[in-house]
Every structure is written in C-alpha cells, then in structure tokens.
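What follows is one structure encoded as structure tokens, with my remarks underneath.
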Amino acid sequence: MLYDKDTIYIIGDAQASVNNPITQQYNAFFIGLVVDTTSHKIVDAGCSSTIPLTSNFVRSIFIGHNMLLLDVVSEEIRQRYHGSSQKALVVAYKDAQKKYKLALNGREDQGFQSSGTV
C-alpha cells in the first residue's frame, strides 16, 4: 500500500505485563499508525503481536478514527479488545497521540500546512 504525501508514520509504545507473550517476544508493546495530517484520520495501523489476527483486529479498531480523539478510541479499545494487552494498547495510543501532536507542530514549523488545531 502506498501512502499519500500528507501522511506520517507514528509509533506508540508501552510496557505490557511480564507474563504477556508479546512482552516475552518483543520486550514491549507498540503500535504503528499512519495518519493523514490534513484530516487527522488514521489510515492504517499495526501492532506488535504474536498472532496476525491480533494485529488485524487492532487495525480495525484504529482505521478511520481521528488521531486527536483519545477518549473515543480508548473507549472502543476497552469495549472491543479483551486481550491481556488492553491497557498497554491504550497507553501506546496515548504515547502515539503525544508524538503525533509534536510531529504536527514540527511540520508547521517547517512550513507544512495542516488543517485543524492541535
């Protein structure tokens, strides 16, 4: 999949519980998000996982959401994702959102225009 020039890639990470298979394999839990900076919409997503179904399901939670709406996405995670990494997924999203806001500010400082406010 090719991404538009208005998209950026953000990684959010978090610590998962010690007995979580993801922690045993990767030492951390992380999500990758491709975000359109003109609309703040998440256009693609993935996460560290031990089985592909997990990453595909997490992808379905994020795609189409506004990157700036933390509470909406966090609530959907709590309602739909019942794996042992649920809390880590929310924390990783918060981390990604913080990095996204910093990236937007950096793009504006470099002369890139974005719609909306941060």
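- Residues Ala14 and Ala92 come closest through the heavy atom pair CB-N, 3.8 Å.
- Closest of all the heavy-atom pairs between Ser55 and Cys47 is OG-N, 3.4 Å.
- Nearest heavy atoms, Ile8 versus Ala103: CD1-CB, 3.8 Å.
- Thr7 contributes no side-chain N or O that, together with a main-chain N or O of Asp36, makes up a donor-acceptor pair within less than 3.5 Å.
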Stepwise side chain to side chain contact (heavy atoms under 4.5 Å, CB included) check, Tyr81 with Thr54 = CA-CA 9 Å; Tyr81 185 89; Thr54 302; 3.7 Å; yes

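- Of all heavy-atom pairs spanning Gln97 and Met67, the tightest one is NE2-O, 3.1 Å.
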Worked check of side chain to side chain contact (heavy atoms under 4.5 Å, CB included) between Tyr93 and Val58 = CA-CA 11 Å; Tyr93 180 64; Val58 167; over 6 Å; no

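- Atom CZ in Arg80 sits 12.5 Å away from atom CD in Glu75 (nearest 0.5 Å).
- Nearest heavy atom pair, residue Ser39 against residue Asn66, reads O-ND2, 3.9 Å.
- Contact record, Gln86 with Ile77: NE2-O, 3.6 Å, taken as the closest heavy-atom pair.
- Cluster membership check: Ile31 does not share its hydrophobic cluster with Val91, using side-chain heavy-atom separations under 4.5 Å among Ile, Leu, Val, Met, Phe, Trp and Tyr.
- The line from NE2 of His40 to OH of Tyr100 is 4.5 Å long, rounded to the nearest 0.5 Å.
- In this structure, the separation between OG on Ser85 and CZ on Phe30 is 11.5 Å, given to the nearest 0.5 Å.
- Side-chain rings of Tyr3 and Tyr9 stay apart, their centers remaining 6.0 Å or farther from each other.
- Side-chain contact check for Val43 versus Ile63: every heavy-atom pair is 4.5 Å or farther apart.
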Would Phe57 and Ile51 satisfy side chain to side chain contact (heavy atoms under 4.5 Å, CB included), going step by step from the backbone distance to the final call?
-> CA-CA 10 Å; Phe57 189 81; Ile51 56 176; over 6 Å; no

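- For Lys99, the side-chain contact (heavy atoms from CB on, under 4.5 Å) partners two or more places apart in sequence, or in a different chain, are Ile10, Asp13, Asp95.
- Expressed to the nearest 0.5 Å, how far NZ of Lys98 lies from CG of Leu70 amounts to 12.0 Å.
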